[in-house]
Number of protein chains: 2
Amino acid sequence: MHACHEHATCVEEALGAADRICAERELRFTDLRRRVLSLIWENHGSSKAYDIMEKLGGDYSAKPPTVYRTLDFLQENGLVHKINSLNAYVGCSHPLKHKDCFFLICSCCNEVQECCASHVADTLRDMAGKNKFSPRHTTLEIEGECQDCLKKN
Amino acid sequence: MHACHEHATCVEEALGAADRICAERELRFTDLRRRVLSLIWENHGSSKAYDIMEKLGGDYSAKPPTVYRTLDFLQENGLVHKINSLNAYVGCSHPLKHKDCFFLICSCCNEVQECCASHVADTLRDMAGKNKFSPRHTTLEIEGECQDCLKKN
DNA sequence: AAACAGTATGTTATACTATAACATTGCCGA
DNA sequence: TCGGCAATGTTATAGTATAACATACTGTTT
Ligand SMILES: [Zn+2]
Ligand SMILES: [Zn+2]
Ligand SMILES: [Zn+2]
Ligand SMILES: [Zn+2]
C-alpha cells in the first residue's frame, strides 16, 4: 500500500518531527510520549489503546489513564489521529501540514493511508454551506481495499 | 435546524417506511423493533444505546444484547445509522433512497442532519481511485454548528 | 539549598460501549 | 402436534474510556 522501503525511516521522521514540534511549542516530549508514538509507528496500521498499553508493560504496569492521557497529548498536537470507525489510533504522516485530511483504511491488510486533497475539503465546505452549516471538524474514513490487496485476491 | 412543524409526522413516516420495507423483504417488524425505532425518532438528535435501553424498561428489564441486536437489525436494513464519532444512533431520514449519505452534527443543539449529494460521493470516489483504493464504506461525519444555533449565539 | 508552582505520571475505581454463549419463547409450515 | 427457525431473554464478560486523587518530576524563586 505505502511505499516505505525502509520503515525505520518513517519512525525516525515521525519522532524527529515530534521533537521539533514540541520544542517549538515548548512542550515536553517525554520518554513516555516518545515510546507511545514510537509504538504507534511500528507499522502503518492503526493501534488500539489497550494494545499500546500491553506493549508499554507486558504486566500491565501501564494503566489506561496513562495511555489515554498520552494519546490525548499526541492528538492535541496533531501527532496522531483517532480513527473513530475503529476506535484506534494512527500516527499523523505530515504533522506540520495536516489540514482537512481523511483516511483510506484497508480492511484486508489493515493499513491506513492519510490523504489530503484541498478539492475534497472544498467540496465538503461548499456542501456544508449549502446546508447552512458551519463545520468545525470532519471525520472522513473510507473503508475498503488497497491496491496491493486487490491484486493479491 | 430541520423544519418539521409537527414532529409526530416524522415518527409516523419513519415507522410507516419501516413497515413497508420489512414487508417487502419479508422481515418481521416486531414490537421491540418498532419501539426502538420509535424511541430513536423521538427527536432529531442521536440516541445512545444505553439510553434506549433505559427507556425500554426503566428498571433495566431490557438488557444490552436486546438493544444491540435490535440496533443491528435496524442498521442492516438501513433504518438507522450509527454515528461513529458519537457512539450513537440516528434514524435514517430516507431509508429507501439512502446512498452515499453523510451527517451534519450540531454540537450545540445535538441535532443530526442526514445529507446526500451525489457530487460529494463522486468527489470521494475519484479521490479514492486516484489513490488506487477501492472503497466499500464511507464514514463522513461533520461536526459543527447549525444555522439556528449560529443565530442564537 | 529549600520552598514552591506547575506539569507529568501513577493508582484505584468506575463508567460507558459492546459481544459471546446459551436458554427460552413464539411463529409457521409439515 | 411436531419440528425448525427466528426472535428475545439471560448471564457473563470483553473492550473502551474517564474521574478523582496521590506522587514524582522540572524548573524557578527565595
Ligand atoms: Zn495528519
Ligand atoms: Zn491492503
Ligand atoms: Zn440514510
Ligand atoms: Zn444546532
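Sequence lines set the chain letters: A, B, ... in the order given, protein chains first and strands last, and positions in each chain run from 1.
- Partners of B:N77 under the side-chain hydrogen bond (donor to acceptor under 3.5 Å, both in side chains) rule, at least two apart in sequence or in another chain, are B:R25.
- Taking atom CG on B:N84 and atom C1' on D:dA17, their separation rounds to 16 Å, with Å as the unit.
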Contact state string [nucleotides 6-20 of chain C, B base, S sugar-phosphate only, - no protein heavy atom under 4.0 Å]: -SSBBBB----BBBB
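- Every residue meeting the side-chain hydrogen bond (donor to acceptor under 3.5 Å, both in side chains) condition with A:N131, not counting sequence neighbours, appears here in chain and number order: B:Q113.
- Residue pairs meeting the ring pair (Phe, Tyr, Trp, His ring centres under 6.0 Å) criterion with at least one member in residues 20-41 of chain B, sequence neighbours excluded: B:W41-B:H44.
- For residues 82-111 of chain B, the pairs satisfying ring pair (Phe, Tyr, Trp, His ring centres under 6.0 Å) are B:H81-B:H98, B:H81-B:F103, B:H94-B:H98, with sequence neighbours left out.
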Listed pairs under 3.5 Å, donor-acceptor, residues 120-129 of chain A side chains, sequence neighbours left out:
unit_1: A:D122; atom_1: OD1; unit_2: A:R125; atom_2: NH2; d: 2.8
unit_1: A:T123; atom_1: OG1; unit_2: A:H119; atom_2: O; d: 2.8

